[in-house]
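We name chains A, B, ... by the order of the sequence lines, and we start the count at 1 in each one. All heavy atoms count here, side chains included; hydrogens, waters and symmetry mates do not. The structure presented is a predicted model; accordingly, all values stated were derived computationally and were not measured.
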2 protein chains.
Amino acid sequence: MKIKRHAKILEILDQHAIETQEELAEKLKEAGFDITQATISRDIKEMKLVKMMDASGRYRYSKYRDEAVPVNERMMNVFREAVTHIDYAGNIVVVKTLSGMAHAAAVTVDLTEWSEIVGCLAGDDTIFILLKTEQTAMELVSNLKKYIK
Amino acid sequence: MKIKRHAKILEILDQHAIETQEELAEKLKEAGFDITQATISRDIKEMKLVKMMDASGRYRYSKYRDEAVPVNERMMNVFREAVTHIDYAGNIVVVKTLSGMAHAAAVTVDLTEWSEIVGCLAGDDTIFILLKTEQTAMELVSNLKKYIK
DNA sequence: AACAAACATGCATAATTATACCATAGTTGT
DNA sequence: ACAACTATGGTATAATTATGCATGTTTGTT
C-alpha cells in the first residue's frame, strides 16, 4: 500500500497547493487512503519531499528537484558488479570497490559530466571523488547508491 | 545585516550538516550573528531553503536546487519594459503586459528552452503559458518575477 | 503451517518550527 | 526636525512535525 500511497502523494502535490501534512492527510483520505499525519511525516522523509515558500509567499510541499548525475549503461554495470560501499566526508566521496576494480569504476565516474565533480582518483579498491561542496557530495552519494548491490 | 546573515547561512549549510534551526542559530552565534530561532525560521522561508532527508537518513537543511528558466538579454529587457504582472492558476501562467506588447514578450518566452513549457499564446496584453504541472507553473512564476518592474 | 524477522503504522507526545504581537531602528517626505 | 512608514527581529506561544513505543501485517524460512 505504501507504494501506491507514495504515487498518490506525488499526484496530489502536483495538483494541489499543500501547506501542511494534515492537509495532505485529508486529501489522501478522500482518495481512500486511511492514514494519519505520522505516516505522512515518514513518507515525506522517505520520499525526500520538501516544504518551501512558493510564489505566493505561503508554504508548500513539493518534490525536490534533483540534479541527477548522468549515468550510462556502462557505469550502471560496473557499479553493480564492483562497488561495495559508498560514503562521504566533507566534500569528498569515497567509493569502495572489489580489489583491483577501482580504476574501472573511476573511469566511468570521470566520464559523467556532472559539473560539481572536480576530480577523481583511484587506488586499487578505493576511489576518491572530489566535489565542490559537502552538499553536492551528499547528493552524489545519494545518487550513486541507487546503482550498487 | 540580513543580507550578510543570509550569505553566512549559505556558507554554513555548505560546510556543516545542519539538522535543526537551533543548530543553525548556534553556528550563526559562533560567527558573531546574535539572533534567535525565530529569525532563522523567517530566513529559511525567505531564502527558500528546505529540510530534507540526506544520504545518511537524517534531516538536513539545504538549498533548493532550482531548475532555472534560461533567460537571455532580450527577454530580460522585454520583461522589464513591458510586463506588469505575473501569476498562475493551475498549470497555466498568466503574464500581463502593457497594451500591444504581449506578442513581443511571448516570443522571448517561446525562445527559452525550458522543457516544462508546453506552449505559449499571446493576445494584446496577456500571455498564457501552459506548463506541465502546477508545480512547474509555480516555479516559472517565481523565476520570471525576478525580471519585472 | 509455524515461526522469526522485517516492515508498516497508529497513538501519544516530544521536538521543532512558524507566527502574532510588540518594540525599536532606520527612511522618507514635508 | 518631525510624523509617518517600513523593515527587522525578539518574546512567547500556537501550530506543525517527528518519533518512541506498541501493535498488527507481510515476507521469508524451515
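- Contact annotation for B:I40: no contact, since no heavy-atom pair falls under 4.0 Å across all strands.
- Residues from residues 6-14 of chain B that place a heavy atom under 4.0 Å from any atom of DNA chain C: there are none.
- Comparing C:dA8, D:dT19, C:dT17 by their nearest atom to the side chain of B:Q21 picks out C:dT17.
- Of the residues in residues 41-57 of chain A, those lying under 4.0 Å from DNA chain C by heavy-atom distance are A:R42, A:K51.
- Among the atoms of the strands shown, none is found under 4.0 Å from any heavy atom of B:F33.
- Residues A:E22 and B:I35 both approach DNA chain D. Their nearest nucleotides, taken by heavy-atom distance, put B:I35 toward the 5′ side.
- Within 4.0 Å of B:R58, counting heavy atoms only, lies no atom of the nucleic acid at all.
- Of the candidate nucleotides C:dT16, C:dA18, D:dG9, C:dA18 has the atom nearest to the side chain of B:Q37.
- A distance-only check finds a donor-acceptor pair linking the side chain of A:N143 to the backbone of A:E139 [under 3.5 Å].
- One finds a side-chain N or O of B:Y61 lying less than 4.0 angstrom from the OP1 or OP2 phosphate oxygen of C:dT17.
- Within 4.0 Å of A:T39, counting heavy atoms only, lie sugar-phosphate atoms of the nucleic acid but no base atom.
- Residue A:T20 has its side chain nearest to D:dT16 when only D:dG9, D:dT16, D:dT19 are considered.
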